[in-house]
Colleague: 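Attaching a single structure in structure tokens format; questions to follow.
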Amino acid sequence: MKELFEGAIKFREEDFNEHKKLYESLKKHQEPHTLFITCTDSRVVPNLITNALPGDLFVIRNMGNIVPPYLGRDKGIRGGYLSTTSAVEYALSILDIKNVIICGHSDCGACSAIFDDAQKLEKAPYVKKWIELLEPVRAKVDALKPNSKAKRTWLMEQVNIEQQLENLMTYPFVEERFDRGELNIYGWYYIIETGEILNYNMIQREFKPINKVK
């Protein structure tokens with residue numbers, strides 16, 4: 001903890017002062033331009049990998065960068081996964097954010113845990129319940145019959161991003177905005193050990209490295 005306390009002091013004395021006017025402008029309101037949905041993994045730092053400033057990103061984090069599918073208004077409110085879905089709703093319906101990025105990553109613990117023996121998660125029942133949302137992804141990967149554990153993991157991480165994009169589109173307020181051309185939606189795959197980010201092309205249905213933006 002000593003490092004964190006020292007980091008807090010350094011932030012106030014150095015980093016804050018460097019962007020003091022920006023922080024003052026954020027005092028009473030936020031106007032993020034992008035909803036960034038990603039994993040809770042400590043190695044994934046949204047503002048760092050996007051070079052974004054405070055106020056740019058509205059971030060939702062959960063294990064496996066999951067967007068629970070839409071259950072219908074009444075059923076979803078009573079029994080849905082409200083933490084994630086309410087944040088998505090707030091970002092788009094209240095903040096009127098125009099861009100969404102769902103960002104998965106390499107070596108994802110949630111994507112590998114779905115293949116673990118049930119006994120391994122006996123001490124983590126909430127985790128077990130949450131990653132049940134990855135079962136449709138697991139079924140798609142199993143159908144591809146990967147010939148190694150490494151390939152299975154790689155497929156799971158990328159197919160998961162595709163699945164969460166599909167889940168996001170099940171929400172009426174998302175689909176309506178997207179169809180009207182008022183919302184841009186992206187899927188990213190971040191490779192931790194190389195720093196490379198692959199962007200999912202929803203037309204060609206494949207991931208390609210992000211190069212210079214034209």
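Here the structure is a predicted model, which means the values were calculated and not measured.
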Colleague: Salt bridge check, Glu166 against Lys140: does any charged N sit closer than 4.0 Å to a carboxylate O?
Modeller: yes

Colleague: Would Tyr171 and Val88 satisfy side chain to side chain contact (heavy atoms under 4.5 Å, CB included), going step by step from the backbone distance to the final call?
Modeller: CA-CA 10 Å; Tyr171 289 81; Val88 171; 5.7 Å; no

Colleague: With no hydrogens and no angle check, is any side-chain donor or acceptor of Ser112 less than 3.5 Å from a backbone partner on Gly109?
Modeller: yes

Colleague: Could you tell me the separation between the CD1 atom of Ile37 and the CG atom of Leu165, rounded to the nearest 0.5 Å?
Modeller: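 Spacing of CD1 (Ile37) from CG (Leu165) equals 9.0 Å.
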
Colleague: Cys111 versus Thr153: any side-chain heavy-atom pair under 4.5 Å?
Modeller: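 No; the side chains remain at least 4.5 Å from each other.
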
Colleague: Centroid-to-centroid, Trp188 to Phe207, below 6.0 Å?
Modeller: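 Between Phe207 and Trp188, which both carry aromatic rings, the centre distance is not below 6.0 Å.
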
Colleague: Is a salt bridge present between Asp179 and Arg177, judged by a nitrogen-to-oxygen distance below 4.0 Å?
Modeller: no

Colleague: What's the shortest heavy-atom distance between Phe58 and Ala87, and which atoms?
Modeller: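 Answer, listing the atom of Phe58 first, then Ala87: CE2-O, 3.6 Å.
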
Colleague: Counting only heavy atoms from other residues, nucleotides and ligands, does the tally under 6.0 Å from NZ of Lys129 exceed 12?
Modeller: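 No, because the 6.0 Å sphere around NZ of Lys129 holds 12 heavy atoms or fewer from other groups.
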
Colleague: Quick one: are the ring centres of Tyr23 and Phe16 less than 6.0 Å apart?
Modeller: yes

Colleague: Do side-chain atoms of Asn99 reach the backbone of Asn184 as a donor and acceptor pair under 3.5 angstrom?
Modeller: no

Colleague: Mark yes or no for whether Thr170, through its side chain, and Tyr70, through its backbone, hold a donor-acceptor pair below 3.5 Å.
Modeller: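 Yes; judged by distance alone, with no hydrogens or angles, the pair exists.
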
Colleague: Does Arg205, at its CZ atom, have more than 12 non-hydrogen atoms belonging to other residues, nucleotides or ligands within less than 6.0 Å?
Modeller: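 No - once you tally the heavy atoms of other residues, nucleotides and ligands closer than 6.0 Å, there are 12 at most.
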
Colleague: Could you check whether any side-chain N or O of Glu157 sits under 3.5 Å from a backbone N or O of Cys108, counting only pairs where one atom can act as donor and the other as acceptor?
Modeller: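 At least one qualifying donor-acceptor pair exists.
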
Colleague: Looking only at non-hydrogen atoms, find the nearest pair between Ala91 and Leu95 and report the distance.
Modeller: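 Heavy atoms of Ala91 and Leu95 come nearest at O-CB, 3.3 Å.
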
Colleague: State, with a plain yes or no, whether a side-chain heavy atom of Tyr186 is found less than 4.5 Å away from one of Cys103.
Modeller: no

Colleague: Between the main-chain N or O of Glu196 and the side-chain N or O of Thr194, is there a donor-acceptor pair closer than 3.5 Å?
Modeller: yes

Colleague: Hey, does the Lys NZ or Arg CZ of Arg152 hover above the aromatic six-ring of Phe115, less than 6.0 Å from the centre and inside 45° of the axis?
Modeller: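 Geometry flag: set, cation within 6.0 Å and 45°.
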
Colleague: Assess the residue pair Met169 and Phe178 against the criterion (side chain to side chain contact (heavy atoms under 4.5 Å, CB included)); give the C-alpha distance rounded to whole Å, side-chain angles, the decisive distance to 0.1 Å, and a yes or no.
Modeller: CA-CA 8 Å; Met169 289 295 292; Phe178 184 78; 3.5 Å; yes

Colleague: Has Trp154 got more than 12 heavy atoms of other residues, nucleotides or ligands less than 6.0 Å from its CH2?
Modeller: no

Colleague: Does Glu24 pair with Lys21 as a salt bridge, N-O distance under 4.0 Å?
Modeller: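 Salt bridge between Glu24 and Lys21, a charged N being under 4.0 Å from a carboxylate O: no.
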
Colleague: Looking only at heavy atoms, what is the nearest atom pair of Asn47 and Pro54, with distance?
Modeller: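 That closest heavy-atom pairing would be ND2-N, 4.1 Å.
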
Colleague: What I'd like to find out is whether the side chain of Ile131 reaches to under 4.5 Å of the side chain of Leu121, using heavy atoms alone.
Modeller: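 The answer is yes, as the side chains (C-beta and beyond) meet within the 4.5 Å cut-off.
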
Colleague: Let's go through Asn62 and Thr84 carefully: what are the C-alpha distance in whole Å and the side-chain angles of both, what is the deciding distance for side chain to side chain donor-acceptor pair (under 3.5 Å) to 0.1 Å, and is it a yes or a no?
Modeller: CA-CA 8 Å; Asn62 62 53; Thr84 295; 3.2 Å; yes

Colleague: Are Lys208 and Glu206 within salt-bridge range, i.e. N to O under 4.0 Å?
Modeller: yes

Colleague: The test is side chain to side chain contact (heavy atoms under 4.5 Å, CB included); show your working for Gln164 and Asn160 and say whether it passes.
Modeller: CA-CA 6 Å; Gln164 304 317 317; Asn160 181 43; 2.7 Å; yes

Colleague: Within the distance-only criterion (no hydrogens, no angle test), does the side chain of Asn167 pair as donor or acceptor with the backbone N or O of Val67 below 3.5 angstrom?
Modeller: yes

Colleague: I'd like to check Ile191 versus Ile197 (side-chain heavy atoms, cut-off strictly below 4.5 Å). Are they in contact?
Modeller: no

Colleague: Verify, without hydrogens or angle tests, whether Asp116 (side chain) and Lys120 (backbone) share a donor-acceptor contact under 3.5 angstrom.
Modeller: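 The answer is no, because no donor-acceptor pair under 3.5 Å joins these two groups.
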
Colleague: Between Arg61 and Asp41 (side chain of the first, backbone of the second, donor and acceptor by atom type, cut-off under 3.5 Å), is there such a pair?
Modeller: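 Indeed, once roles are kept as given, a pair shorter than 3.5 Å links the two residues.
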
Colleague: Do Val137 and Glu162 make a side-chain contact, defined as non-hydrogen atoms from C-beta onward lying under 4.5 Å apart?
Modeller: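 No, every pair of side-chain atoms sits at 4.5 Å or beyond.
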
Colleague: Atom CG of Leu134 and atom CE of Met63: how far apart are they, to the nearest 0.5 Å?
Modeller: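 These two atoms lie 9.5 Å from each other.
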
Colleague: Taking all non-hydrogen atoms of both residues into account, name the closest pair between Val44 and Pro46 and its distance.
Modeller: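 Here Val44 and Pro46 meet closest at O-CD, 3.5 Å.
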
Colleague: Charged N to carboxylate O under 4.0 angstrom, Glu6 versus Lys2?
Modeller: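 Judged by the 4.0 Å cut-off on N to carboxylate O distance, Glu6 and Lys2 do form a salt bridge.
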
Colleague: Check step by step if side chain to side chain contact (heavy atoms under 4.5 Å, CB included) holds for Val100 and Leu92.
Modeller: CA-CA 9 Å; Val100 180; Leu92 302 187; 4.0 Å; yes

Colleague: So, Arg43 side chain and Asp107 main chain: donor-acceptor pair closer than 3.5 Å or not?
Modeller: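 Yes.
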
